[in-house]
2 protein chains.
Amino acid sequence: MLDHNYYMKEAIKEAHKAFLKDEVPIGAIITFDGKIIARAHNLTETLNDVTAHAEMQVITAAANALGGKYLKGCTLYVTVEPCPMCAAALYWAQINQVIYGTTDLKMGSISKGYQLFHPKTTVSGGILAKECAELMTNFFKQKRS
Amino acid sequence: MLDHNYYMKEAIKEAHKAFLKDEVPIGAIITFDGKIIARAHNLTETLNDVTAHAEMQVITAAANALGGKYLKGCTLYVTVEPCPMCAAALYWAQINQVIYGTTDLKMGSISKGYQLFHPKTTVSGGILAKECAELMTNFFKQKRS
């Protein structure tokens, strides 16, 4: 079976796509039975829509792929800790597992002390955290220069 | 100037549309300078998407109408207290004001004790609460029968 690093690398590929579009570089994929069923990256600028986070879009795409709106049995890999909006959306989706890369001390749902994930959802972080964080750091450094 | 009841009635019209589609009957509108710039209702079943709450869709529609992703100076009227996903989305949108009809003790963001709205957003509830609640009660009564 493929490991977490493999899937997180796929999420990082999505984050790179966002970076190239001058979007905050966050990427996400959703797997079911070990297969990647949806991919997305942050598109808030491109779509002129604050709700167009990578997670929100990948939830919608995965539901389309499965033909049902609940993501039971699915795992989300996302490069950055989900914000409260995305954590609460993942609650509604009843997703099985959430694995994130780097923490987001400022806007991350867990980092801010909220318990928004579904009690049945397993949440863990720190997978390829350095690579995920570097993309963010480089993006904001570039923005400030 | 038109009052809150007028605008909430418009949100209730949207909730009725949801009811007729066998969707949880929640409706929302967004105003800017007293003008309604966006209308939406819950479409989670129709779109097979847990993120398709009335508020999420009306945020996207209002941003389209304004041509900018932030909803500063806007007011949201929504028939039911927003859930954490929608409250956090409204945070990102930096909306000026949120006015809801009936409280949602089970899933409402404030009712659950979260502080997810932007500190600059004014939030109030109870406008035409009875009408807004009745739609929900009738919907779930019908579902159970």
Side-chain angles (χ1 to χ4, degrees), chain A residues 23-24 26 28 30 38 40 42-72 74 76 81-95 104 106-110 112-119 121, chain B residues 23-24 26 28 30 38 40 42-72 74 76 81-95 104 106-110 112-119 121:
Chain A
E23 296 273 3
V24 175
I26 300 175
I30 286 179
N42 175 44
L43 283 175
T44 51
E45 298 302 323
T46 308
L47 298 179
N48 186 40
D49 187 347
V50 296
T51 75
H53 286 192
E55 300 94 318
M56 301 302 280
Q57 293 181 89
V58 85
I59 289 170
T60 303
N64 273 337
L66 290 174
K69 67 184 172 134
Y70 297 115
L71 304 181
K72 289 172 186 172
C74 291
L76 167 78
E81 181 191 349
C83 79
M85 172 179 72
C86 296
L90 291 159
Y91 171 97
W92 286 118
Q94 301 179 28
I95 199 162
D104 181 351
K106 203 173 157 210
M107 290 309 300
S109 179
I110 296 169
K112 285 176 77 79
Y114 296 119
Q115 294 188 323
L116 291 166
F117 289 104
H118 199 283
T121 301
Chain B
E23 296 274 1
V24 175
I26 299 176
I30 285 179
N42 175 43
L43 283 174
T44 51
E45 297 302 323
T46 308
L47 299 179
N48 186 41
D49 187 347
V50 295
T51 74
H53 286 192
E55 300 94 317
M56 300 302 280
Q57 293 181 90
V58 87
I59 289 170
T60 303
N64 272 338
L66 291 174
K69 67 185 171 131
Y70 297 115
L71 304 180
K72 288 172 186 172
C74 290
L76 167 78
E81 180 191 350
C83 79
M85 172 179 71
C86 296
L90 291 158
Y91 171 97
W92 286 118
Q94 301 180 26
I95 200 162
D104 181 350
K106 204 175 157 209
M107 289 310 299
S109 179
I110 296 169
K112 285 176 77 80
Y114 296 119
Q115 294 187 323
L116 291 165
F117 289 104
H118 199 283
T121 302

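Computed from a predicted structure; not experimentally measured. Quick note on labels: first sequence line is chain A, next is B, and so on, each numbered from 1.
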NZ of B:Lys112 to OH of A:Tyr114: how many Å apart, nearest 0.5 Å?
-> 14.0 Å
Find the distance between OG1 (A:Thr60) and CE (B:Met56) and round it off to the nearest 0.5 Å.
-> 9.0 Å
Minimal heavy-atom distance between B:Ala63 and A:Asn48, with the atoms involved, is O-ND2, 3.3 Å
Option that, when pairs with chain B are counted at under 4.5 Å, heavy atom only, ranks first among A:Ala93, A:Ala62, A:Pro84, A:Gly68 = A:Gly68
Picking from B:Gly113, B:Gly67, B:Ser109, which has the most non-hydrogen pairs under 4.5 angstrom with chain A?
-> B:Gly67
Kindly indicate whether the side chain of B:Trp92, heavy atoms from C-beta on, has any atom under 4.5 Å from the side chain of A:Thr44.
-> no
Identify which part of B:Cys83 has an atom lying under 4.5 Å from any heavy atom of chain A, answering side chain, backbone, both or neither.
-> side chain
Quick one: closest heavy-atom pair of B:Thr51 and A:Ala89, and the distance?
-> CG2-CB, 4.2 Å
Which residue pairs pass the salt bridge (Lys or Arg N to Asp or Glu O under 4.0 Å) test with at least one member in residues 43-59 of chain A, sequence neighbours excluded?
-> A:Glu45-B:Lys69
